Every structure is written in C-alpha cells, then in structure tokens.
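Both backbone and side-chain heavy atoms feed into the values below; hydrogens, waters and symmetry mates do not. In what follows, chains are A, B, ... by sequence order, proteins preceding strands, each numbered from 1. In this text, all values refer to a predicted model and were calculated from it rather than measured experimentally.
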Protein chains: 2
Amino acid sequence: MNQTKQKVKEQFHLFLSKKGLKATLQRSLILDAFLGLDRSTHIDELYLLLRGRHSNIGHATVYRALRLFAAAGIAREVNLGDGLTRYEVAGGKRRDYLVCNDCGTVTEFENSTIARHQAELARNLGFTVQSLKIELRGICGNCQERQG
Amino acid sequence: MNQTKQKVKEQFHLFLSKKGLKATLQRSLILDAFLGLDRSTHIDELYLLLRGRHSNIGHATVYRALRLFAAAGIAREVNLGDGLTRYEVAGGKRRDYLVCNDCGTVTEFENSTIARHQAELARNLGFTVQSLKIELRGICGNCQERQG
DNA sequence: AATACAATGATATTCACTTTCAAGCCATCA
DNA sequence: TGATGGCTTGAAAGTGAATATCATTGTATT
C-alpha cells in the first residue's frame, strides 16, 4: 500500500465522520479503484471495473461516491466536452489535456508555465482562483502520420 | 452593417455553395443574431432571442445552424462543464473564462500572452494545436464580498 | 440488541442534445 | 416562368449521461 494513498483514505474517513456520514464497503472499494488509476476516469469506467470484481456495486453508488470524493477534496471534476464527466485525483500535479480533434484521444501532460500568467491576471480582476484547466485541441502525432 | 460581419457572411455563403447547401432565411437570421452578440452564447439563448422576433424558427434549426457555422469555421464550440454547449465567433481574439464556483457567473476576458507558448508546446509533443482553451474556476469578486 | 438514520441499487426521471420524417422551400434547368 | 430534385424546416420522438426516487439494507451508537 502506497503511503500517499493511505493518507488520502484517512482524509476521507475524517471527512465522513465530520459530516456524520458512514464508511461503507462500497465506498472503500470505489476509493481503492479510483486511487489505483493514475489518470482521469469517469463513472462508467469505474463502474465496469468494479462490476467485474464485485458484482454488487451499482451505477448510482459509483456516481455518488465520486461526487463525495470531490466534496471531500480528494477528487476533481474534469470536463472535456465529450459528454462525460471525468474525475481525477486532486492534490496531485496540475494536468493539461491534449484532445485530438480527429481520433478523440485524450493525452494528459504536466506543464506549469501558462498557469502562472493566467492566475495572476485573474487576481487582478478580483477573482480568487481555485482551479485552472488548460485544454489544447488539435491533431495528434498518430493522426498526422495516418494522413500523410 | 459592420464590415467584418459582412465578410463572415460572404464566407458562409461561399461555404454553402461549395457544399451544395442552401441559403435560407432562417440561416441568415440566426447568423445575424449570432454575430450580433459579442460573447459566447448557447442554443436556447439564440432560440429564445429569435423566437421573440420571428416566431417561425425552431429549436432544431438553431441547433443545426450553429453546428453548420462551426463546420464552416465561423463559430467555435466552447464547453464550460455546466451542461450547455456554447458557441462563440471564431477568428476573433482568444477568450479565457472565469467561472465562479459560487454563483456560476461566467466572465470572459481577453489575453494574448498565451499564444507564444502554443507553438512551443506543439513542437515538443508532436501535436498540431488548433485551439487552446483556458478556464479558471474560483470565487468572483461579488461573491467574496457577500461572504464577508 | 435495539434504534435511528444514512447508504444502496434498481428503476424512473430529467435535461440537453440529436435524429426522424412529412411538408415546405431553394436553386437549377428547360 | 414553371417544373423538378433535393436540401431544409420544425414538431415530435429518441438518445445518453446525469440525477432523483424509494423501499430495502447496512452502519454506528446507545
């Protein structure tokens, strides 16, 4: 067991007891699966993953658990405009997204140069920045090769 | 009539005849309304706006026209994660978005410092960048005051 | 163990987007 | 001009992901 993951679990438990909510088997399993993925995911992906292992977890439960993780500050919602709500582990490094307009592939990478400028601009406008998302759209390397 | 808008209309007409599509009254009205707004909009906003003036324009027609504008390269889709698909006039200056997590207000502002970084990012990742979206979330000035 | 109440999960609902299809309109050709 | 073919329209129906419902089950506390 990774030490960071253990900390996140403790954070989640603390959140639950503070709010008078309960630690259930399902929430534990979903959190494990969520932390086990080192990239953004969405409800159905987690649902199918867990469904394969534990046939007793419902779609609605995964949905509610992810929102709960977000409320607890251990997950972050990401929307890339493909109709799905994605979630990624919060607190990690910032992620930027490269979305291919041709094949739809989403590549994630880390970068921080742009972020600083924007956050500063926002502050000048009296806006307290809580999160920043940068999304680049274009044609990925594979699709460029395919097209010649 | 603004000269830029006139050019866009000609561009659209050219696109239509190239594709064997037809110039209709509805498309003309929707394009006028779209160009008349100097900010991003969404289907229902345009629909209601036009509905007030011309009771004969349907929801589906507005929807199809906006997609057509995007295909013609005169509109760009913007998704801010609130469940709505927004459209803005393409070819204008880049827009960044400030979304308030409290009241949901979307503030748009212009900024050009980012443009420089695009080419560099593209080279490094083998990715041809077609568009860049930057979205900041946080608490807007009004909500900060309200909260003390 | 009993109690109170939160959680679950199958199902139903919502909401925006998208498609369908019969009727109407536009551009072209004789 | 008038007819023809096919694109367009708009009301209505369909789609899919997100969200709500509700009876049942599970959890934590007394």
Practice prompt. Scan residues 45-53 of chain B against DNA chain C and write down, sorted by residue number, each residue with any heavy atom closer than 4.0 Å; if none is found, say none.
Written response: none
Fill in: Of all pairs that satisfy salt bridge (charged side-chain N to carboxylate O under 4.0 Å, His left out), the ones with a partner from residues 10-22 of chain B, not counting sequence neighbours
none
Worksheet item: Which salt bridge (charged side-chain N to carboxylate O under 4.0 Å, His left out) pairs, counting each pair once, include a residue from residues 41-50 of chain A, with sequence neighbours left out?
Response: A:R39-A:E45
Discussion item. Can you list everything that forms a side-chain hydrogen bond (donor to acceptor under 3.5 Å, both in side chains) with A:Q26? Sequence neighbours excluded, please.
Written reply: none
Practice prompt. Please name all residues satisfying side-chain hydrogen bond (donor to acceptor under 3.5 Å, both in side chains) with B:S40, sequence neighbours left out, ordered by chain then number.
Written response: B:E108
How close or far is atom [atom2] of [N] from atom [atom1] of [X], stated in whole angstroms?
X     : N      : atom1 : atom2 : answer
A:L84 : D:dG16 : CG    : C1'   : 10 Å
A:K19 : D:dA28 : NZ    : P     : 18 Å
A:D44 : D:dG16 : CG    : P     : 12 Å
B:L66 : C:dA16 : CG    : P     : 16 Å
A:F15 : C:dA6  : CZ    : P     : 14 Å

Practice prompt. Mind checking ring-ring contact (aromatic ring centres under 6.0 Å, His included) for A:Y47 and listing every partner two or more places apart, or none if nothing turns up?
Written response: A:H59
Item to complete: Could you pull out all residues at least two apart from A:Y63 that satisfy ring-ring contact (aromatic ring centres under 6.0 Å, His included)?
Response: none
Fill in: Residue list, salt bridge (charged side-chain N to carboxylate O under 4.0 Å, His left out) with A:R86, at least two apart or on another chain
A:D82
Worksheet item: Which residues satisfy the salt bridge (charged side-chain N to carboxylate O under 4.0 Å, His left out) test with B:R53, sequence neighbours excluded?
Response: none
Worksheet item: Under the criterion side-chain contact (heavy atoms from CB on, under 4.5 Å), which of B:D32, B:L31, B:L35 is the partner of B:K5?
Response: B:L35
Item to complete: Would you mind reporting whether B:L66 and B:H42 have side-chain heavy atoms less than 4.5 Å apart?
Response: no
Could you list the protein-to-nucleotides 19-24 of chain D atom pairs, N/O on both sides, closer than 3.5 Å?
residue : atom : partner : partner atom : Å
D:dT19  : OP2  : A:Y63   : OH           : 2.9
D:dT19  : O5'  : A:Y63   : OH           : 2.8
D:dT21  : O4   : A:R64   : NH1          : 3.4

Worksheet item: Residues two or more places apart in sequence or in another chain: which of them pass side-chain contact (heavy atoms from CB on, under 4.5 Å) with B:S17?
Response: none
N/O contacts under 3.5 Å, protein versus nucleotides 6-8 of chain D?
residue : atom : partner : partner atom : Å
D:dG6   : N2   : B:K22   : NZ           : 3.2
D:dT8   : OP1  : B:K22   : N            : 3.0
D:dT8   : OP1  : B:R27   : NH1          : 2.4
D:dT8   : OP1  : B:R27   : NH2          : 3.0

